[in-house]
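Just below is one structure, and these are the notes that go with it.
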Protein chains: 2
Amino acid sequence: MRSKGDQVRHLIVETANRLFYEGGYNHTSFTDIVDATDVQRGNIYYYFKTKDDILRAVIDHRLEVITDMLNSWSREEKDPRIRLINFARMLLENANDLARFGCPMGTINAELGKGQRDLQRITRAMFDTFRGWLVSQYRQLGANSRLADELAMETLARAQGITMVAHVYEDVDTIKREIPKFEAWLRRTTETLK
Amino acid sequence: MRSKGDQVRHLIVETANRLFYEGGYNHTSFTDIVDATDVQRGNIYYYFKTKDDILRAVIDHRLEVITDMLNSWSREEKDPRIRLINFARMLLENANDLARFGCPMGTINAELGKGQRDLQRITRAMFDTFRGWLVSQYRQLGANSRLADELAMETLARAQGITMVAHVYEDVDTIKREIPKFEAWLRRTTETLK
DNA sequence: GTCTATAAGAAGATAGAC
DNA sequence: GTCTATCTTCTTATAGAC
């Protein structure tokens with residue numbers, strides 16, 4: 001059972017999460033958060049000392065969601081090769097949002113990588129989580145630790161590249177066209193490992 | 001011979017170009033431009049009505065630089081397959097900046113793709129320029145227009161993905177490791193076209 | 001815990017002297 | 001063409017009543 005305060009705090013985090021994704025971090029103002037949550041300025045500051053603190057809470061929240069998702073993939077599918085295919089399919093399932101707003105991890109890293117490195121490092125943790133999971137899959141397929149990390153980075157790069165180009169052109173079809181090629185590459189790559 | 005006014009205008013554009021790349025568009029203030037150029041506020045407004053106008057001039061400038069570069073590649077190398085390799089090598093040559101600040105086209109598109117779509121469309125022209133050039137190369141290698149565009153988009157996606165991941169981790173080595181694979185893919189792909 | 005009112009500063013943009 | 005001074009608006013953040 002969640003207390004009233006926790007509910008309000010959660011509402012602020014979930015709303016800020018969406019606003020930061022759709023409108024960027026710097027471009028989203030406190031007023032935007034007030035308007036979208038119906039929680040007044042002063043009250044938001046009761047829960048978070050600064051806007052940066054809201055970002056930290058948002059990233060913590062995203063990390064939980066990502067971790068839960070990766071754990072459920074690992075739980076429900078035993079074959080790492082199919083797990084990796086699921087990773088690619090995730091892009092297809094979110095194709096509409098990705099084309100409109102870009103990758104939730106990539107875009108905020110790109111935004112904060114300019115002049116706000118302290119904040120970028122916080123958001124980088126999302127990449128670390130995926131990277132670690134990917135490394136684990138490739139390791140299970142027999143790759144040594146160096147190769148597994150290299151393949152994990154290449155996998156991340158493929159996903160980022162497809163998403164970036166689709167976002168630039170706000171074009172869902174780019175994702176639909178590129179994901180099958182991405183999957184084919186994953187199959188070829190994991191095949192040679194076995 | 002460039003007039004005094006043109007020189008000042010050019011100084012503003014080149015400085016803003018660098019600041020927008022290194023610090024992002026929204027995060028770079030008028031004061032930053034004043035400090036970096038030693039041109040006073042009022043005088044900058046003599047040359048540009050708004051900050052958006054400066055962005056437009058910056059993008060126009062970048063488009064000229066990109067076009068000149070692509071033209072010189074086309075002039076100096078007759079084989080489209082080697083021209084495409086040159087495209088990949090460009091990333092290697094700029095590896096340090098790419099790791100620190102990301103792709104000059106990709107990051108600004110990602111930033112402005114959130115809530116500032118009008119401005120994003122301006123920056124998209126940089127992608128259009130590369131895309132058109134890449135299409136032309138693949139066409140010369142025998143690809144039909146649909147395939148050429150698909151390969152152009154995939155080529156852009158590869159470059160964007162590598163750059164993005166390298167920027168997230170501020171890691172030059174990622175670029176050094178991935179570009180040879182990118183080149184190998186280009187060779188394989190152009191080989192099957194001939 | 002929640003709210004209103006407001007402070008303090010930075011942003012983009014303008015007016016007008018020189 | 002160049003400059004200083006200033007306006008307006010928006011930003012994050014705080015004070016203090018309830």
Side-chain angles (χ1 to χ4, degrees), chain A residues 1-20 22-59 108 111-112 114-120 122-123, chain B residues 1-20 22-59 108 111-112 114-120 122-123:
Chain A
M1 184 60 192
R2 220 201 299 260
S3 74
K4 183 74 196 303
D6 279 354
Q7 280 179 41
V8 173
R9 195 191 144 90
H10 197 246
L11 171 67
I12 296 168
V13 171
E14 291 225 305
T15 306
N17 180 35
R18 180 175 57 79
L19 292 176
F20 289 168
E22 294 175 3
Y25 176 67
N26 290 304
H27 197 253
T28 299
S29 71
F30 246 89
T31 307
D32 292 333
I33 299 174
V34 168
D35 291 347
T37 54
D38 275 323
V39 178
Q40 295 309 310
R41 308 183 73 74
N43 203 17
I44 293 179
Y45 277 102
Y46 172 79
Y47 290 98
F48 302 97
K49 275 203 214 315
T50 66
K51 193 183 167 188
D52 289 1
D53 278 344
I54 300 180
L55 179 66
R56 271 178 267 271
V58 163
I59 300 303
I108 200 161
E111 180 188 358
L112 300 176
K114 311 215 163 216
Q116 296 169 98
R117 288 274 157 78
D118 293 351
L119 294 179
Q120 190 214 10
I122 297 168
T123 66
Chain B
M1 184 61 192
R2 220 202 297 261
S3 75
K4 182 72 196 305
D6 279 354
Q7 279 179 43
V8 173
R9 194 190 145 89
H10 197 245
L11 172 66
I12 296 168
V13 170
E14 291 225 306
T15 306
N17 181 36
R18 181 175 57 79
L19 293 176
F20 290 168
E22 294 176 3
Y25 176 67
N26 290 303
H27 196 253
T28 299
S29 72
F30 247 89
T31 306
D32 291 333
I33 300 174
V34 168
D35 291 347
T37 54
D38 275 323
V39 178
Q40 295 309 311
R41 307 183 74 74
N43 203 18
I44 293 180
Y45 278 101
Y46 171 80
Y47 291 97
F48 302 97
K49 276 204 215 313
T50 66
K51 193 184 169 189
D52 289 1
D53 278 345
I54 301 181
L55 179 66
R56 271 178 267 270
V58 163
I59 300 304
I108 200 161
E111 179 186 359
L112 300 176
K114 311 214 164 219
Q116 296 169 99
R117 289 274 157 77
D118 294 351
L119 294 178
Q120 190 215 8
I122 298 168
T123 67

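Letters A, B, ... mirror the listed sequences (proteins, then strands); counts begin at 1.
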To the nearest angstrom, the CD1-P distance between A/I54 and D/dT11 comes to 14 Å

Report task. Please work out if B/T28 contacts a base, only the sugar-phosphate, or nothing of the nucleic acid, heavy-atom cut-off 4.0 Å. Result -> sugar-phosphate

>> Counting only side-chain nitrogens and oxygens, does B/S29 get under 4.0 Å of the OP1 or OP2 atom of C/dA10?
In response: no

From CD1 of B/I12 across to P of D/dC3 the rounded distance in Å is 10 Å

Rounded to whole Å, CZ of B/R9 lies from P of D/dT2 at a distance of 13 Å

For nucleotides 13-18 of chain C, 5' to 3', base contacts (B), sugar-phosphate-only contacts (S) and non-contacts (-) with protein non-hydrogen atoms under 4.0 Å give BB----

| message | If you compare every side-chain N and O of B/Q40 against the phosphate oxygens of D/dT2 (OP1, OP2), does one of them come in below 4.0 Å? | response | no

Heavy-atom check, side chain of B/V13 versus side chain of B/I54, under 4.5 Å: no

Atom CD of A/Q7 and atom C1' of C/dT2 are separated, to the nearest Å, by 15 Å

Residues pairing under salt bridge (Lys or Arg N to Asp or Glu O under 4.0 Å) where one sits in residues 42-58 of chain A, two or more places apart or in two chains, turn out to be A/D53-A/R56

Return the orientation label for the B/F30 and B/Y45 ring planes: parallel under 30°, perpendicular over 60°, tilted otherwise. parallel

In whole angstroms, the gap separating P of C/dG12 from CG of B/L55 amounts to 13 Å

With sequence neighbours left out, the residues meeting salt bridge (Lys or Arg N to Asp or Glu O under 4.0 Å) with A/E14 are none

Between D/dC3 and B/N43, is there an OP1 or OP2 to side-chain N/O distance shorter than 4.0 Å?
-> yes

Here the side chain to side chain donor-acceptor pair (under 3.5 Å) pairs for residues 34-44 of chain A, sequence neighbours left out, are A/T31-A/R41

From CG of A/L19 across to P of D/dT12 the rounded distance in Å is 12 Å

By ring-ring contact (aromatic ring centres under 6.0 Å, His included), A/Y46 pairs with (sequence neighbours left out) none

A/I44 atom CD1 is separated from C/dT4 atom C1', nearest whole Å, by 14 Å

Rounded to whole Å, the CG-P distance (A/D35 to D/dC10) equals 13 Å

Residues at least two apart in sequence or cross-chain that pass side-chain hydrogen bond (donor to acceptor under 3.5 Å, both in side chains) with A/T123, listed by chain then number, are A/N109

